[in-house]
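These notes concern the structure reproduced below.
Atom set for the values below is all heavy atoms of this structure, side chains included, hydrogens, waters and symmetry mates excluded. We name chains A, B, ... by the order of the sequence lines, and we start the count at 1 in each one. Quick caveat, the model's predicted, so the values are computed rather than measured.
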Number of protein chains: 2
Amino acid sequence: MTRMPVEQRRAALVEATLAVVERDGLAGASARAIVTEAGMPLGALHYAFASLDDLLAAAAAAVTEQERLAVQHLLAAPGAGLEDALAAGLSAYVDLLAARPARELAFLELTLQASRSRLGDPPAPGGYAPALALMAELLAAAAAAAGVRWREPVDALARHAVAMLDGITTTWLADHDTDAAHATARFLARALAACVTAPEG
Amino acid sequence: MTRMPVEQRRAALVEATLAVVERDGLAGASARAIVTEAGMPLGALHYAFASLDDLLAAAAAAVTEQERLAVQHLLAAPGAGLEDALAAGLSAYVDLLAARPARELAFLELTLQASRSRLGDPPAPGGYAPALALMAELLAAAAAAAGVRWREPVDALARHAVAMLDGITTTWLADHDTDAAHATARFLARALAACVTAPEG
DNA sequence: TCTCAAGTTGGACGACCGTCCAACATGAAG
DNA sequence: CTTCATGTTGGACGGTCGTCCAACTTGAGA
């Protein structure tokens with residue numbers, strides 16, 4: 001392969017890993033499948049990463065950054081009320097899930113694999129932090145746009161929302177019931193909207 | 001191995017599979033590891049199941065029956081209010097999760113594997129049905145005990161609750177934050193409790 | 001142009017995989 | 001006791017796995 005900074009090589013391998021896991025599942029994410037996807041020779045993997053597990057861990061870390069970033073522009077609802085804005089954003093995620101289920105499934109597989117490797121860890125705040133921080137920002141912005149204030153810490157609410165998104169995902173993947181997933185999204189929006197003070201108060 | 005009805009053999013293999021996945025993860029659930037766990041010879045697997053995938057699918061199906069059954073006696077709160085009863089039950093699940101995380105992780109791994117195999121399926125109501133039915137029963141019983149009635153169909157609320165349990169699980173597995181998981185459980189209990197008519201109405 | 005350290009490659013290795021099936025054990029029928 | 005259909009076993013097979021490393025390419029410095 002042509003000369004290439006190691007950093008760029010690592011990024012390309014991570015991207016190829018995400019593509020392979022999305023297409024063939026975590027079980028199909030072998031060293032050979034990944035380097036083939038990336039158009040690299042077999043040896044390139046152990047030149048950029050110490051082991052395949054290291055690459056999968058890096059891919060899992062990249063996921064929390066990349067995936068939740070796709071949700072970023074979902075909460076860009078116009079001047080509607082807070083609950084409607086939240087419901088629109090969450091429903092947009094459901095549509096994204098229904099349109100590209102393999103992608104969300106791949107993200108869950110990688111996240112779970114990372115969770116297993118950290119099962120016997122100390123407290124371990126974990127790599128979820130970026131997703132939580134992003135969701136907290138979105139919630140804060142949504143409240144500001146609606147002219148209301150959260151009655152509870154946004155960090156706590158953000159964690160509830162992230163958990164609910166995960167649950168919506170696993171449940172939809174199990175039954176493919178898009179209507180029900182939208183209903184769950186509205187349920188969460190209503191629950192979140194119940195945690196604000198009166199408008200302009 | 002001593003004579004043994006095929007049905008019993010299948011059940012023993014499914015149980016052994018759950019034990020192996022809990023200990024070593026889905027990646028470690030090889031045919032040899034499973035039959036060793038079950039104390040059976042290698043050939044016994046293909047004598048009771050057509051393939052390893054069939055066994056894993058059977059294990060995934062057994063999970064939805066078995067796992068959610070563990071939650072059954074969690075909602076047995078005394079005469080407290082509905083929200084407190086729900087919160088107590090959901091918090092009990094969080095404690096169960098924190099005490100035996102590998103088990104819940106194994107359940108998720110098997111469920112996700114099953115989800116992947118059904119990715120390109122027709123509508124497919126899926127094997128989630130028993131879990132939903134059980135949760136619906138629990139919610140109906142809880143409302144009856146509190147002397148209130150659900151304002152929405154219990155089936156819909158049950159699906160929200162199951163989704164939230166999954167989300168609580170994946171999130172806790174990522175950050176091991178038991179306090180935050182309890183807070184999310186209370187959040188869900190409050191959201192559910194907001195869906196009833198006034199007591200004794 | 002020649003040298004050589006650094007970067008890159010793909011074949012080789014041992015281990016493990018799922019599956020199959022020829023050989024073996026078993027217990028009822030004769 | 002002998003027969004034999006049925007149930008059971010574990011070794012063998014072809015394949016794929018992750019990893020390593022000897023050989024090759026590259027491009028800057030002498």
Pairs satisfying salt bridge (charged side-chain N to carboxylate O under 4.0 Å, His left out), at least one member in residues 25-36 of chain A, at least two apart = none
Could you tell me the separation between the CD1 atom of Ile34(B) and the P atom of dT19(C), rounded to a whole number of Å?
-> 11 Å
Expressed in angstrom and rounded to an integer, what is the separation of Leu56(B) atom CG from dC17(C) atom P?
-> 13 Å
Atom CG of Leu45(A) and atom P of dC17(D) are separated, to the nearest Å, by 13 Å
Just checking Leu52(B): base, sugar-phosphate only, or nothing, at a heavy-atom cut-off of under 4.0 Å?
-> sugar-phosphate
Those residues at least two apart in sequence (or on a different chain) that pass side chain to side chain contact (heavy atoms under 4.5 Å, CB included) with Ala185(A) are Leu90(A), Ser91(A), Val94(A), Ile168(A)
Would you indicate which nucleotide in dA12(C), dG10(D), dT8(D) comes nearest to any side-chain atom of Arg32(A)?
-> dA12(C)
Show which side-chain atoms of residues 11-27 of chain A pair as donor or acceptor with protein atoms under 3.5 Å away, not counting sequence neighbours.
residue	atom	partner	partner atom	Å
Thr17(A)	OG1	Leu13(A)	O	2.8
Glu22(A)	OE1	Arg100(A)	NH1	3.4
Glu22(A)	OE1	Arg103(A)	NH1	3.2
Glu22(A)	OE2	Arg100(A)	NH1	2.4
Arg23(A)	NH2	Glu37(A)	OE1	2.2

Out of dG7(C), dG10(D), dG11(C), whichever nucleotide has its closest atom nearest the side chain of Leu42(B) | dG10(D)
With Thr36(A) via side chain to side chain contact (heavy atoms under 4.5 Å, CB included) - residues at least two apart = none
When you check the phosphate oxygens OP1 and OP2 of dT8(C), does a side-chain N or O of Arg9(A) lie under 4.0 Å from one of them?
-> yes
Determine yes or no for a side-chain-to-main-chain donor-acceptor pair under 3.5 angstrom, with Arg10(B) supplying the side chain and Ala48(B) the backbone.
-> yes
Please identify each residue that fulfils side-chain hydrogen bond (donor to acceptor under 3.5 Å, both in side chains) with Asp155(B), with sequence neighbours left out.
-> none
Choosing from dT8(C), dT19(D), dG11(D), which nucleotide comes nearest the side chain of His46(A)?
-> dT19(D)
Contacting residues from residues 18-31 of chain B, given that a heavy atom lies under 4.0 angstrom of DNA chain C | Ser30(B), Ala31(B)
DNA chain D nearest-nucleotide lookup for Tyr47(B) and Asp53(A): closer to the 5′ end is Tyr47(B)
Rounded to the Å, how far apart are Gln8(A) CD and dG7(C) P?
-> 15 Å
